[in-house]
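Taking it in order: structure first as structure tokens, then the write-up.
What you see below is based on every heavy atom in this structure, not just the backbone, and it leaves out hydrogens, waters and symmetry mates.
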Amino acid sequence: MKRTLDKITTVTDRVCYGVSFFSMAVCIILAVVLFADVVLRKATGGIVTVKGAYEIAQMLLSTFVFSSWAYTQSVHGHIEVVLLIQRLPQKLRFIFYAFTALLSVVTVAIGAYAVYFQIFKVKASGESTANLLIPYWPFYIFEFVAFVLLAVVLLRDAVKAVCAIFNKEIAEEIQGDWV
């Protein structure tokens, strides 16, 4: 079981790592657009600006945020308050930990479900930004994919937590991430 979990972890971590590179590229593009807008605005007294800089920043920022969630979960960078469950006996500790992990999976899956239907609603209505007319629906697709990836990583962690109830080696691996 541990070997299978390790393989799944390796695959999901690689996918999350790849998505994190996309997130970094978006962050760089966002910084360049905003820098150019500020420099042009200051240098020309507000006459020349980057048209739609606010809209571009809004769209890029949404992709930047969503693309970083799964990676952050895969490296256990999200805040986990384990102060209380650390003091419980090992089996009970991981029962609570697995329950909260499964609750997280359900919450993110509900978000993905909602975004899935929002894609079609926004595409049918033709909603777009005001100045540049950038359609919103491609960004909702990216948001959906990011939610699904986060749900997969959370599910993987939930399965590990359930396995940790019965396997001391997996339990020690999980507890190694607790600070």
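- Looking at every heavy atom in both residues, Val105 comes nearest to Ala151 through CG2-O, 4.2 Å.
- The line from CG of Leu61 to OH of Tyr54 is 10.0 Å long, rounded to the nearest 0.5 Å.
- Under the 4.5 Å side-chain heavy-atom criterion for Ile, Leu, Val, Met, Phe, Trp and Tyr, Val38 and Val33 are members of distinct hydrophobic clusters.
- Residues Lys91 and Pro89 are not in side-chain contact: their nearest non-hydrogen atoms beyond the backbone lie 4.5 Å or more apart.
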Open item on the list: One pair to check against side-chain contact (heavy atoms from CB on, under 4.5 Å): Ser67 and Val26. What are the steps and the verdict?
Closed with: CA-CA 10 Å; Ser67 62; Val26 166; 5.9 Å; no

Task: From CA spacing to verdict: side-chain contact (heavy atoms from CB on, under 4.5 Å), Phe147, Trp69 - done: CA-CA 8 Å; Phe147 265 123; Trp69 286 355; 3.7 Å; yes

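- Crowding of Phe139 atom CZ: a count of heavy atoms from other residues, nucleotides or ligands under 6.0 Å exceeding 12.
- To the nearest 0.5 angstrom, Glu143 atom CD is 8.5 Å from Gln118 atom CD.
- Under the 4.5 Å side-chain contact rule for hydrophobic residues, Val148 and Ile119 share a cluster.
- How far CZ of Arg41 is from CD1 of Ile47: 12.0 Å, rounded to the nearest 0.5 Å.
- Atom CD1 of Ile134 and atom CE of Met59 lie 6.5 Å apart (nearest 0.5 Å).
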Open item on the list: Set out, in order, the CA-CA distance, both residues' side-chain angles and the distance that settles ring pair (Phe, Tyr, Trp, His ring centres under 6.0 Å) for Tyr17 and Phe21, then state yes or no.
Closed with: CA-CA 7 Å; Tyr17 191 68; Phe21 273 104; 4.9 Å; yes

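- Arg93 and Gln86 get closest at one heavy-atom pair: NH2-O, 3.2 Å.
- For the atom pair Asn167 CG and Ile174 CD1, the distance stands at 9.5 Å (nearest 0.5 Å).
- Exactly one of Tyr136, Phe22, Phe64, Trp137 qualifies for a ring-ring contact (aromatic ring centres under 6.0 Å, His included) with Phe142. That residue is Phe22.
- In the hydrophobic cluster analysis, where Ile, Leu, Val, Met, Phe, Trp and Tyr join through side-chain heavy atoms closer than 4.5 angstrom, Val32 is grouped apart from Leu30.
- Closest approach of Val122 to Ser125, counting heavy atoms only: O-OG, 3.1 Å.
- When atom types are taken as modelled, the side chain of Gln90 and the backbone of Ala171 share no donor-acceptor pair closer than 3.5 angstrom.
- Counting heavy atoms of neighbouring residues, nucleotides and ligands inside a 6.0 Å radius, atom NZ of Lys121 does not exceed 12 of them.
- Cluster annotation: Ile141 is connected to Val65 through the hydrophobic network of ILVMFWY side chains, with a link wherever side-chain heavy atoms come within less than 4.5 Å.
- Here Leu154 contributes atom CG and Gln73 contributes atom CD; the two are 4.5 Å apart, rounded to the nearest 0.5 Å.
- When all heavy atoms of Leu132 and Glu55 are compared, the closest pair comes out as N-OE1, 2.9 Å.
- Between Phe117 and Tyr113, the gap from one ring centroid to the other is short of 6.0 Å.
- In this structure, the side chains of Gln175 and Phe94 come closer than 4.5 Å at one or more pairs of heavy atoms.
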TODO: Begin with the C-alpha distance, continue with both residues' side-chain angles, and end with the deciding distance and a verdict on side-chain contact (heavy atoms from CB on, under 4.5 Å) for Thr49 and Leu40.
DONE: CA-CA 6 Å; Thr49 63; Leu40 285 172; 5.6 Å; no

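- Put simply, Leu103 and Ile110 are part of two different groups of oily side chains (I, L, V, M, F, W, Y) that touch within less than 4.5 Å, one to the next.
- Considering all non-hydrogen atoms of both residues, Ser68 and Ser23 come closest at CB-OG, 4.1 Å.
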